[in-house]
*Asks:* 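Quick one: the structure is below, questions incoming.
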Number of protein chains: 2
Amino acid sequence: MPEPSVPLPALERMAAYMRCLMQLERENVRTVSSQEMEALTGISAAQFRKDLSYFGEFGKRGIGYDVGQLHQRIAAVLRIQEEQPVLLVGAGNLGSALIAYPGWGDYGFRIVAVFDEDPAKIGTDLRGVRIRPLRDLPQVNRDLAARIGIIAVPADQAQAVADALIDAGVTGIINFAPVKLLHPEHVIVRDVCFICELAVLSYLIHAQEAAPDGVPAQAAD
Amino acid sequence: MPEPSVPLPALERMAAYMRCLMQLERENVRTVSSQEMEALTGISAAQFRKDLSYFGEFGKRGIGYDVGQLHQRIAAVLRIQEEQPVLLVGAGNLGSALIAYPGWGDYGFRIVAVFDEDPAKIGTDLRGVRIRPLRDLPQVNRDLAARIGIIAVPADQAQAVADALIDAGVTGIINFAPVKLLHPEHVIVRDVCFICELAVLSYLIHAQEAAPDGVPAQAAD
DNA sequence: TCCTGTGAAGCTTTTCACAGCA
DNA sequence: TGCTGTGAAAAGCTTCACAGGA
């Protein structure tokens, strides 16, 4: 009944298309073709059309796609057409940077609670959200019922935080800590390893120098 | 002469292997087999061996891999065996979080200069690195000769910053701003879109609920 | 024996190229 | 005509399965 096995890379591109469509909306562009999307995103027109085809028909032959409508339909596919509550654990530098990110609302997410263990931080406000002790997590999420959690704590605390989030009913985790988390099968964990990006970049730069046409040196979006 | 067209996913896994090997070194583990690496990273033993094979032979048959030696050789492959200077543009929340990250040294990177446009920040210190105005970039990098730059500024400034970095000799950019950057072919740009990760997670959570065995729901590492 | 390194098979994803509709 | 949607072909990546050295 749901979409039959969509390639994961296609899903990742869907988020990129949405970003692009929001930009076009701000510029009051009404209609866009797959060709134009290729110019804007760097993703080929054929790829764009194929990606959309996993989820249905979205355009008008001979015309293109209605920008606003396509935005809405992609949001519906990604299940971000209505607000989704998110829990953030860790109110250090990274946590602060995350909560300050201006795009949450555009993507239908809202940080509804922030947790930290530092007594100096507990009770204070981070952009209008009170910081609570981690032990309050189960009780707080009984009301909030958030399914998504973000781990922004040091590596040595990450597993304990993951366990607590999962106990509290979270089924999807974005993990910024540099450790592999153990978790039950029904929970989905996505690791964000930004220094890995740098390492890959380092390789690609040097590979390109050594043989300017050797490795495709494709950028990741 | 260099490695003939290594799959990009293989490169991304190399960084993950390195992270795992550093952990093993801290635990004083001397030898590791591809089986054990599978247990630790979630990446299959066959995949691990195949990935390494793109770059040479690293193990001993019947024994496994020497942890320290493998770490060194992967570092050499990624060109992070000796310190690489990195420029950071943007000293806001995100920039501060990045510079506070404790793993830079482990991966052979060092932030050698920080730039920002905010007069209130210029001249102050961020973790021992002085914040300079962006206009100083060309001159500063004449000495530092960094090839890698990180863009951690708002979307509307990102293109100008990218242009400045490229002018100053940077050939690889990690872009945290939510815009597609225009750049010459010889420059490699990798976008980090953390909210895209959340959007994908949102889809996967709901897909799994709808059909617990429909979509593989594989986590990204 | 144990475990690596690797060609070949199998599977996934991307690209092509064109039918079909406005 | 113009541009979408999509089977089929091509390319790319992963897994298999086993030869071969310690």
Side-chain angles (χ1 to χ4, degrees), chain A residues 3-14 16-17 21 24 29-67 69-70 73-74 77 200 204 213-221, chain B residues 3-14 16-17 21 24 29-67 69-70 73-74 77 200 214-221:
Chain A
E3 296 74 23
S5 163
V6 179
L8 194 56
L11 277 175
E12 290 167 352
R13 288 187 297 266
M14 292 300 272
Y17 301 147
L21 290 165
L24 289 172
V29 176
R30 288 292 171 79
T31 300
V32 72
S33 68
S34 58
Q35 283 290 335
E36 290 163 340
M37 285 298 284
E38 172 169 342
L40 293 167
T41 64
I43 299 165
S44 80
Q47 184 79 81
F48 174 77
R49 296 199 305 273
K50 175 64 97 181
D51 287 344
L52 294 186
S53 78
Y54 294 119
F55 303 100
E57 304 199 355
F58 297 77
K60 285 191 180 49
R61 288 163 198 241
I63 308 290
Y65 303 84
D66 179 282
V67 171
Q69 189 184 308
L70 183 56
R73 292 194 59 189
I74 292 180
V77 163
V200 171
L204 292 175
D213 292 321
V215 173
Q218 188 57 36
D221 301 297
Chain B
E3 296 73 24
S5 161
V6 179
L8 195 56
L11 277 176
E12 289 167 353
R13 287 187 297 266
M14 293 300 271
Y17 301 147
L21 290 166
L24 289 172
V29 176
R30 288 291 171 78
T31 301
V32 72
S33 69
S34 58
Q35 283 290 334
E36 290 163 339
M37 286 296 285
E38 173 168 343
L40 292 167
T41 62
I43 298 164
S44 80
Q47 183 80 82
F48 174 76
R49 296 199 304 273
K50 177 61 97 180
D51 287 346
L52 294 186
S53 79
Y54 293 118
F55 304 100
E57 303 196 358
F58 297 79
K60 284 191 179 47
R61 291 163 196 238
I63 307 289
Y65 303 83
D66 180 280
V67 171
Q69 190 184 310
L70 184 55
R73 293 195 57 191
I74 292 179
V77 163
V200 171
V215 172
Q218 189 58 35
D221 302 297

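It should be emphasised that the depicted structure is a prediction, and the values quoted were computed from it without experimental measurement. Side chains included, hydrogens not; waters and symmetry mates left out as well; all remaining heavy atoms used. Numbers restart at 1 for each chain; the letters A, B, ... are given by sequence-line order, proteins then strands.
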*Asks:* If I take atom NZ in residue A:Lys50 and atom P in nucleotide D:dG7, what distance separates them, rounded to the nearest angstrom?
*Replies:* 7 Å

*Asks:* Would you tabulate the nitrogen or oxygen pairs shorter than 3.5 Å linking the protein to nucleotides 18-20 of chain D?
*Replies:*
| unit_1 | atom_1 | unit_2 | atom_2 | d |
| --- | --- | --- | --- | --- |
| D:dG20 | N3 | B:Arg61 | NH1 | 3.2 |

*Asks:* First and last nucleotide of DNA chain C touching chain B, 5' to 3', heavy-atom cut-off 4.0 Å?
*Replies:* C:dC2 to C:dA8

*Asks:* In whole angstroms, how far is the C1' atom of D:dC3 from the CG atom of A:Asp66?
*Replies:* 15 Å

*Asks:* If I take atom CG in residue B:Asp51 and atom C1' in nucleotide D:dC16, what distance separates them, rounded to the nearest angstrom?
*Replies:* 15 Å

*Asks:* Between A:Phe48 (CZ) and D:dT4 (C1'), how many Å, whole number?
*Replies:* 10 Å

*Asks:* Distance check needed: D:dG2 P versus A:Ile63 CD1, whole Å only.
*Replies:* 12 Å

*Asks:* In Å, rounded to the nearest 0.5 Å, how long is the span from CG of A:Leu21 to CZ of A:Arg73?
*Replies:* 12.5 Å

*Asks:* Measure from CD on A:Glu38 to C1' on D:dT4 and round the result to the nearest Å.
*Replies:* 15 Å

*Asks:* Starting at atom OH of B:Tyr65, determine the distance to atom P of D:dG21, rounded to an integer number of angstrom.
*Replies:* 16 Å

*Asks:* On DNA chain C, nearest-nucleotide positions of A:Lys60 versus B:Gly56: which is more 5'?
*Replies:* B:Gly56

*Asks:* In whole Å, what is the span from the CG atom of A:Leu70 to the P atom of D:dC3?
*Replies:* 16 Å

*Asks:* Hey, do the aromatic rings of B:Phe58 and B:Tyr17 have their centres closer than 6.0 Å?
*Replies:* no

